[in-house]
There are 2 protein chains.
Amino acid sequence: MAKKPSARAPLDQFDRAILRILQTDNKTPQRSIAESVNLSTAAVQRRVAALEATGVISRNVAVVDPDAVAMSITAIVEVYLRDERSATVDAAKAAFRKTPEVQQCYYVTGGTSFVLIVVTRDMRSYESFTRKVFEENDSVNNYRTLVVIDRVKTDTQIPIEE
Amino acid sequence: MAKKPSARAPLDQFDRAILRILQTDNKTPQRSIAESVNLSTAAVQRRVAALEATGVISRNVAVVDPDAVAMSITAIVEVYLRDERSATVDAAKAAFRKTPEVQQCYYVTGGTSFVLIVVTRDMRSYESFTRKVFEENDSVNNYRTLVVIDRVKTDTQIPIEE
DNA sequence: AATGAAAAACTACACTA
DNA sequence: TAGTGTAGTTTTTCATT
């Protein structure tokens, strides 16, 4: 599993084309990638290995449907910290990073400190999550929950320019 | 590429253990999955195939680091529609779904209509995105941008209970 | 860029709870 | 009958030239 800070040469057209494919389906055989982008399979192989080694591809994962594993509540939570001292912020980051219900966490500008995407089994477990993570946490001043009605789009694809 | 609405038997311990592994690294050889969960490789093979066929695993993807492809702005946008008539909402969903800069889109409760996660090259292209998608769109009443300073956690992992 | 070796994914079939 | 393991086949990956 590659995760280098990466000193990387800029990506060329081939790399970008390969990334577009792997972002959609990383099980695509190198042979058919090679056809699509007009390279040999060996070239594709070397490029994919390099993209992984330099961290351009950070992970290779299966995407699981939350409904299928009976995790029916997705919520977006805006978190307001008591203060923005770096110790406070770093502690919050660490806490969110290791909480499994927190699927995504972003530190943001504009008044709100963090935006979280939280996944739980049901409303009861969402409530106990908020107790545990927000209400018993002194550095959290306040939070606002937006419950997701429809996960319209959850691709984690990055738009890759031509 | 599997995507069935999924009428499926509930997942057992084996399935959940397999999902936990594949969510972390879907390149894990079936042989080592088999060892971890105490099944034969063939059994693992069949279960993975079934999980894909029923849509429990919706996709298999490479996760690309936005910085590596020079997409340096991530923004979280709260969108307020003019009204919540279903035609208006559905049109907005369709529009967001097909806009490549919109990496994720959630329809939510609580005043805000949509929360978007938007990825662009830089601030200039973020601005032209907002013009194109919000300001020239009559059904968008208003929107609020939170610019991401730190992508603290961007796993798209679902917590899978024991 | 092409070949060949190694590994992984998949299939067939007999067996068992 | 649904699901497993063994063992054999095909496909994919990867190193070497």
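Note on naming: letters A, B, ... go to the chains in the order of the sequence lines (proteins, then strands), and numbering restarts at 1 for each one. Fair warning: this is a prediction, and the values are worked out from it, not measured in the lab.
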- Answer with base, sugar-phosphate or nothing: what part of the nucleic acid does B:Arg46 contact at a heavy-atom distance below 4.0 Å? base
- Side-chain atoms of B:Arg31 come closest, of C:dA8, D:dT13, C:dA2, to C:dA8
- Message: Looking only at the side chain of A:Pro29 (C-beta and beyond, no hydrogens), which of the listed nucleotides D:dT13, D:dT6, C:dT11 gets closest?
- Response: D:dT13
- Rounded distance (Å) that lies between atom C1' of C:dC10 and atom CG of B:Leu39: 16 Å
- Atom-pair distance (CG on B:Asn60; C1' on C:dA9), nearest Å: 14 Å
- Message: Can you tell me how the ring of B:Phe96 sits relative to the ring of B:Phe134, calling it parallel under 30°, perpendicular over 60° and tilted otherwise?
- Response: perpendicular
- Query: What integer distance in Å separates B:Asp12:CG from D:dG3:C1'?
  - Reply: 10 Å
- Task: Please work out if B:Ala42 contacts a base, only the sugar-phosphate, or nothing of the nucleic acid, heavy-atom cut-off 4.0 Å.
- Result: base
- Message: Measure NZ/A:Lys27 against P/D:dT13 and give the value in whole Å, please.
- Response: 11 Å
- Message: What's A:Gln30 touching, base or sugar-phosphate or nothing? Going by heavy atoms closer than 4.0 Å.
- Response: sugar-phosphate
- Item | Protein-nucleotide distance (A:Asn26, atom CG; D:dT12, atom C1'), rounded to Å | 14 Å
- Message: Measuring only between side-chain heavy atoms, which start at C-beta, is A:Ile117 closer than 4.5 Å to B:Tyr106?
- Response: yes
- Message: For a quick test of reading the model: is some side-chain N or O of B:Gln45 closer than 4.0 Å to OP1 or OP2 of C:dC10?
- Response: yes
- Return the value, rounded to whole Å, for the distance between atom CD1 of A:Ile18 and atom P of D:dT13. 13 Å
- Roughly how many Å is it from CG in B:Asn38 to P in D:dG5, rounded to a whole number? 9 Å
- Task: Using atom types as modelled and distance alone, determine if a side-chain donor or acceptor of A:Ser58 lies under 3.5 Å from a backbone N or O of B:Val63.
- Result: yes
- CZ of B:Arg144: more than 12 outside heavy atoms within 6.0 angstrom? yes
- Message: Any carboxylate oxygen within less than 4.0 angstrom of a Lys/Arg side-chain nitrogen, looking at B:Lys132 and B:Glu136?
- Response: no
- Message: If I take atom CD1 in residue B:Ile33 and atom P in nucleotide D:dT4, what distance separates them, rounded to the nearest angstrom?
- Response: 14 Å
